[in-house]
Q: 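Pasting in a structure now, in structure tokens, and then I'll have a few things to ask.
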Amino acid sequence: MARSGLGSPDQAVEGHVAQWRPGRVMVLACLISACGKEARDIGPTVAQTAPVGKKDPRIALFQGNVWQIAQGGRYFQYYGCAGCHHDGAPGTRDLADGLRRGADFPAVFASIAHGHGDRSYATRIPDEQLWQLTAYVRDLERHTPQKRRRQMLDQRSEPQAATWRGPQ
Amino acid sequence: MRPDQDRLDRLSLTWRDPPGLWGFLTTVDHKRIAARYIVTALLLMFLAGMLALDMRWQLSTPENVRMGPQLYNESFSLHGSTMLFLVSVPVMEAMALWLVPLMLGQRNMAFPRLGAFSYWLYLGGVLTLWISHALDITPDLGWFEYPPLSGPAYAPGHRADIWAQMITFTEVAALAASVNVAATILKMRPPGMTLARMPVFLWAMLVASIMTILSMPAIMLVTSMLIADRLVSTHFFSPASGGDVLLFQHLFWFFGHPEVYIIFVPATGFVSAIVETFSRRPLFGHSVIVLAILSIGALAFGLWVHHMFAVGLPRLGNNFYTAASMAIALPAGLQIFCWIATMWSGRPWLATPMLWVIGFVTTFVIGGLSGVMTASAALDLQLTDSYFIVAHFHYVLVGGAMFPLFGAFCYWYPKATGRMMSERWGRIAFALIVGGFNLGFFPMHLLGLMGMPRRVYTYPAGMGWEGLNQVATLGSVVAVAGGLVFVANALVSYWRGAPSGGDPWGGSTLEWAGEAPAPSWNLAYTPMVDGLTPMWNGGRPLRVADGVAIARREVLITSVTDADPLYRQKSASPSIWPLLSALAVSAMFIASIFTPWAIVVGAVPIGAALTGWFWPQRPRRSGA
Ligand code: HEM
Ligand SMILES: [Cu+2]
């Protein structure tokens, strides 16, 4: 997994611009209009760097795509996020409560990546997965607690925090 | 009795459809509805065949990049689901809708409007699947979508819902059609056609309909449970909280296995009709064939677990289902021997329909043999999910059901259109399809034995699979080319074919009694039957009876076993309500993918439409 652009967001800008300008406009137009909502692209990811501002065109690719969001849900469990951020957790830890509602993508991304002190997710979690996690967290309010529980139950035999050894 | 012109005119007036578009939307003529069904199914067969070619193109060389894994998943899922749910099952029902009243010498089905409703709902299922495909929401988990893969955690979005709901559509349509067929065959046989004198074709359609009625509820239940798991987070298929994923497999295959016989049993009906007519002698072993069909119908419900040998069931269970699966080869074999005996002792005439029967017998025997192999639990553990399985089920589905269907199409084409298809082009199409099919699919057995899995989008070079895969693709191309010749022949003959007259083949059963193309009222008088082959009664003209009204739509109801006339029954006239009801049901089905409230709210328009449909009509004026 490429690990470019891990440093400050400014560094990421160049990487992003260099990667993004050519082509893709057509694809994006389509994706933004939600016709790629169910797309499932299993190729090289576009998320090699952190998001650059609220208008980063990649945001739609993640936030508007059910598969990316679902992947975020799996990593939410793999990395043990649910340990603290379970339903009914006190204060801002209850993500589904909508406390994060309105928080924009780069802000949520930054608070996952850089806002967890020693856990330093920015260095432990590949960027693509951070994107997916962000999209999932921002989508949470649209899932009922029953639905979240149902999904977690299906994924019970997958790695859970303690048994997860990181991406291979 | 030669009907006079006045009678024919009055019948035409009584049974005509309103002109133009309104007539198209409201018709309850079983032949128009069935023709629509058949054309839609053939169109879908073409589309799904193109998908298959695309897949074969992808697999023709190692590490091909024509498709990625996702597109390949979507392609085989769409191909398989379309071929089974939207082509094979409906087209067999459609043949029944078209032929059953003709073979009974009746004017229409028992429930004419239910037939129309069935088609519109089927069309709803077709559009659901294929419009979703156009919007890139194609189901991508194969033709059976097991949870947890299809559950809420692993199948986000609506791909799996589309698949599940497409099934609901087609199954309601299938139930409607089957109830109709069964009621018509049981209660509307012409006087004299006791159960013992019923042609094999009608037996086949009756058994297939009853099987449909008994098996479809299982799959409607299970796909509804899947939708409930996904939509309102029920826990049917969540083992971690007491649910059971195997429940899905059991219920699915409790339908899924009978389904292959729901496809195959009507095909045996076609074959029996064709073999009889073209061997110029009554079918050898009529009762044996009928009993074989009945026992296939019963046994088919006791085999479903052979699709689940690899999931780890108790040994005894595996043994039982191995034995049961092998047992079904017995009645199937008996049928084949009866057909061969008929040909052997008759004077076979090798016109295209008969060629298709011969293609069927040879190909189906190969499929049956590979079936007996996979029926053995021990061997199946090696073969399952390999290309051997792909070869096996194409041999039985294409060889066992599509070839008889093509034969039936050529056989009854003159009855439907009044024209003959070209024999020359028919033979060319036959050679290309049967040759191409065997060339393309036989190597797949070997590929499977060499370890090539099914449902893979590519394979590395150096596995030794390249050559056989290329042959497989080549054969598929030849077969599809043959399919195009077949369709072209049917289209050209529709306008250019030689006029056929009412009975071009000298057929044995009642559908050949009338004119071709069959008029809206089918036969001018009610035929009287005194044997198994009413059209072959030593040159005597067919005995007929009068008495069923010609000034209003009426059919004759007879008793179940002896076909004694009981009473005359009013037959429903054209109506827009079936279409409106189907629209209301479709709206509810589609909306219930998104919100459970659709079921509550959607019930209102459905109730309204059904109320309109069943609105009591004024009693008939006396003497009308
Ligand atoms: C020339 C005609 C056809 C060709 C070339 C063809 C080819 C294929 C191919 C390449 C696959 C995917 C195999 C894999 O990778 O697992 C497939 C799957 C399948 N085909 Fe066909 N096919 C044809 C006709 C039919 C017909 C007529 C039927 C049914 C009546 C049918 C039913 C199926 C089913 C049920 C599957 C399995 C889909 C799944 O795995 O979920 N095919 N076919
Ligand atoms: Cu089976």
Side-chain angles (χ1 to χ4, degrees), chain A residues 26-45 60-78 82 87 96 132-133 135-140 142-160 163, chain B residues 65 67-75 77-78 131-141 146-163 225-245 248 456-458 593-596:
Chain A
M26 286 295 292
V27 182
L28 273 180
C30 181
L31 287 169
I32 289 164
S33 66
C35 63
K37 185 161 178 257
E38 306 241 349
R40 188 167 178 174
D41 298 316
I42 311 171
T45 177
L61 294 178
F62 283 82
Q63 199 69 63
N65 182 286
V66 291
W67 185 67
Q68 303 286 10
I69 292 174
Q71 288 297 91
R74 298 173 75 190
Y75 296 128
F76 196 78
Q77 185 180 320
Y78 282 28
D87 281 324
Q132 291 166 331
L133 280 163
Y136 174 72
V137 168
R138 293 184 73 231
D139 201 63
L140 267 180
R142 309 202 331 192
H143 302 248
T144 58
Q146 297 90 305
K147 179 150 192 198
R148 286 198 298 275
R149 188 173 120 75
R150 179 69 180 75
Q151 287 175 341
M152 288 303 159
L153 282 171
D154 258 7
Q155 293 172 354
R156 234 193 15 202
S157 54
E158 290 198 44
Q160 316 264 337
T163 55
Chain B
V65 291
M67 288 189 189
Q70 177 64 19
L71 183 57
Y72 194 84
N73 287 355
E74 293 175 17
S75 301
S77 305
L78 192 61
I131 290 182
S132 304
H133 175 54
L135 298 177
D136 197 10
I137 317 179
T138 321
D140 54 358
L141 306 174
Y146 287 172
L149 191 57
S150 58
Y154 297 104
H158 289 300
R159 293 180 192 268
D161 297 316
I162 297 290
W163 174 82
M225 286 154 91
L226 180 65
I227 293 183
D229 265 20
R230 298 171 51 81
L231 185 67
V232 293
S233 307
T234 50
H235 290 231
F236 292 116
F237 307 125
S238 159
S241 57
D244 192 346
V245 281
F248 183 96
V456 289
Y457 78 105
T458 192
I593 290 177
F594 301 98
T595 159

Q: Counting heavy-atom pairs closer than 4.5 Å to chain B, which one of A:R148, A:R149, A:K147, A:M152 comes out on top?
A: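 Most heavy-atom pairs under 4.5 Å with chain B: A:K147.
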Q: Which distance, rounded to the nearest 0.5 Å, do you find between the OH of B:Y154 and the CZ of A:R74?
A: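 Interatomic distance, B:Y154 OH to A:R74 CZ, rounded to 0.5 Å: 5.5 Å.
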Q: Relative to chain B, which segment of A:R40 carries a heavy atom at a distance below 4.5 Å: side chain, backbone, both, or neither?
A: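 Both parts, heavy atoms under 4.5 Å.
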Q: Can you name the closest pair of heavy atoms from B:S238 and A:L153 and give their distance?
A: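 Answer, listing the atom of B:S238 first, then A:L153: OG-CB, 3.8 Å.
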Q: So, using side-chain contact (heavy atoms from CB on, under 4.5 Å) as the criterion, who are the partners of B:P239 when residues are at least two apart?
A: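 Checked B:P239 against side-chain contact (heavy atoms from CB on, under 4.5 Å); matches are B:V245.
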Q: Tell me, for A:E158 versus chain B, whether the close heavy atoms (under 4.5 Å) come from the side chain, the backbone, both or neither.
A: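 Answer is side chain: those atoms of A:E158 sit under 4.5 Å from chain B.
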Q: Could you look at B:T234 and say if it's the side chain, the backbone, both or neither that has a heavy atom under 4.5 Å from chain A?
A: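 Answer is backbone: N, CA, C or O of B:T234 sit under 4.5 Å from chain A.
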Q: At their closest point, which heavy atom of A:A70 faces which heavy atom of B:A153, and how far apart are they?
A: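 Closest pair (atom of A:A70, atom of B:A153, distance): CB-O, 4.4 Å.
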Q: Between B:P152 and A:Q151, which heavy-atom pair has the shortest distance, and what is it?
A: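 Distance-wise, the nearest heavy atoms are O-NE2, 3.4 Å.
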Q: What residues, two or more places apart in sequence or in another chain, satisfy salt bridge (charged side-chain N to carboxylate O under 4.0 Å, His left out) together with B:R230?
A: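 For B:R230 the salt bridge (charged side-chain N to carboxylate O under 4.0 Å, His left out) partners, ignoring immediate neighbours, are B:D161.
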Q: State which residue, out of B:D136, B:I137, B:D140, fulfils the side chain to side chain contact (heavy atoms under 4.5 Å, CB included) condition with A:E38.
A: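 The option that passes is B:I137.
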